[in-house]
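Below: one structure, written as structure tokens.
So that the names make sense, note that chain A is the first sequence line, chain B the second, and so on, each numbered from 1.
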There are 2 protein chains.
Amino acid sequence: MPDFDSAFRALADPTRRRIIELVAHRGMTAGDIASHFRTTRPAVSQHLTVLRNAELLSERREGRTRIYQANPKTVDEVVQHLQSFWSGRLQVLKRQAEREERQQRDRQ
Amino acid sequence: MPDFDSAFRALADPTRRRIIELVAHRGMTAGDIASHFRTTRPAVSQHLTVLRNAELLSERREGRTRIYQANPKTVDEVVQHLQSFWSGRLQVLKRQAEREERQQRDRQ
DNA sequence: ACGACTTGTAAGCTTTGGCTTACATAAGCG
DNA sequence: CGCTTATGTAAGCCAAAGCTTACAAGTCGT
């Protein structure tokens, strides 16, 4: 079970979100990931630490490189948690909002 | 279309996430919301501003009160965006991870 | 053992973020 | 018109976060 607090905090940074997208499909080495950004390599390394602590990425060592890959289970749980905010009322409220929007449009 | 950056940043704070849960079902006045927290009312008011700017809440004025309610459309879009990180590979990777976990368990 | 390569960590700086107190604004009520 | 109620805004403070440079720690090849 992930810590939602650290997960949401990790997702707050745009660089970290881009990192997750990068390694969603396949694993990549730390240096390879860093090369996709303008910031320095240590900065990216720190982002990787944050993402790993949030269990959004998994790390495996291979020779002298470290390979990072997204941890789909955690992201999935974050999505589930976000959806549970609405506890099934999402659809209801959405329809309600659309209805109100329609009424407002029709009034004009 | 919401600004994902401000939305994710808004969700990074635990108090703000609790606020969203509070007003997911029904609208509540600013003071009513603030009474659910230990922090001062102005602090909560600032959180409400952040959430409104991220379009996660909608505000309507009623007399001398302001009523806040979650904006399901934006939350929904954030969820969609998170899921799109995986572009359909979520299930694949999840099964893969579970398979690896099983293998690792069986090895012990 | 040595040198190059890959990566993480420490220290320090600057910006951002959240909190508090004090003040401003605006609506309702007598 | 004052007075109260409901709320937002401004100023200032402190902690957290992100960046950079410098350094440490493994790993591979010769």
Beyond-backbone contact of A:D32 with A:L22, side-chain heavy atoms, under 4.5 angstrom: no
Parallel, tilted or perpendicular: ring planes of B:F8 versus B:H81, cut at 30 and 60 degrees: tilted
Result of checking B:L48, B:D13, B:L56, B:V50 against B:I19 for side chain to side chain contact (heavy atoms under 4.5 Å, CB included): B:L48
Touch class at under 4.0 angstrom, heavy-atom based, for A:A43 against every strand present: base
Rounded interatomic separation in angstrom, taking CE from B:M28 and C1' from D:dT7: 15 Å
Sugar-phosphate only, base, or nothing, as touched by B:S45 at under 4.0 Å among non-hydrogen atoms: base
For atom CG of B:L57 and atom P of D:dG8, their distance in whole Å: 11 Å
Base D:dG8 to side chain B:R41, donor-acceptor N/O within 3.5 Å cut-off: yes
Side chains of A:V75 and A:L11 in contact at under 4.5 Å (non-hydrogen atoms): no
Touch class at under 4.0 angstrom, heavy-atom based, for B:Y68 against every strand present: sugar-phosphate
Any A:T29 side-chain N or O less than 4.0 Å from OP1/OP2 of C:dT7: yes
Contact nearer the 5' end of DNA chain D, comparing A:R64 with A:H47: A:H47
Upstream residue (5' side of DNA chain D) when B:Q46 and A:R61 are each assigned their closest nucleotide: B:Q46
Phosphate contact (C:dC19 OP1 or OP2) by B:T40 side-chain N/O below 4.0 Å: no
Sugar-phosphate, base or nothing in reach of B:T39, heavy atoms under 4.0 Å: sugar-phosphate
In one Ile/Leu/Val/Met/Phe/Trp/Tyr side-chain cluster, 4.5 Å: A:I67, A:I33: no
Sugar-phosphate, base or nothing in reach of A:R16, heavy atoms under 4.0 Å: sugar-phosphate
Residues within residues 5-15 of chain A bordering DNA chain D, heavy-atom distance below 4.0 Å: A:R9, A:D13
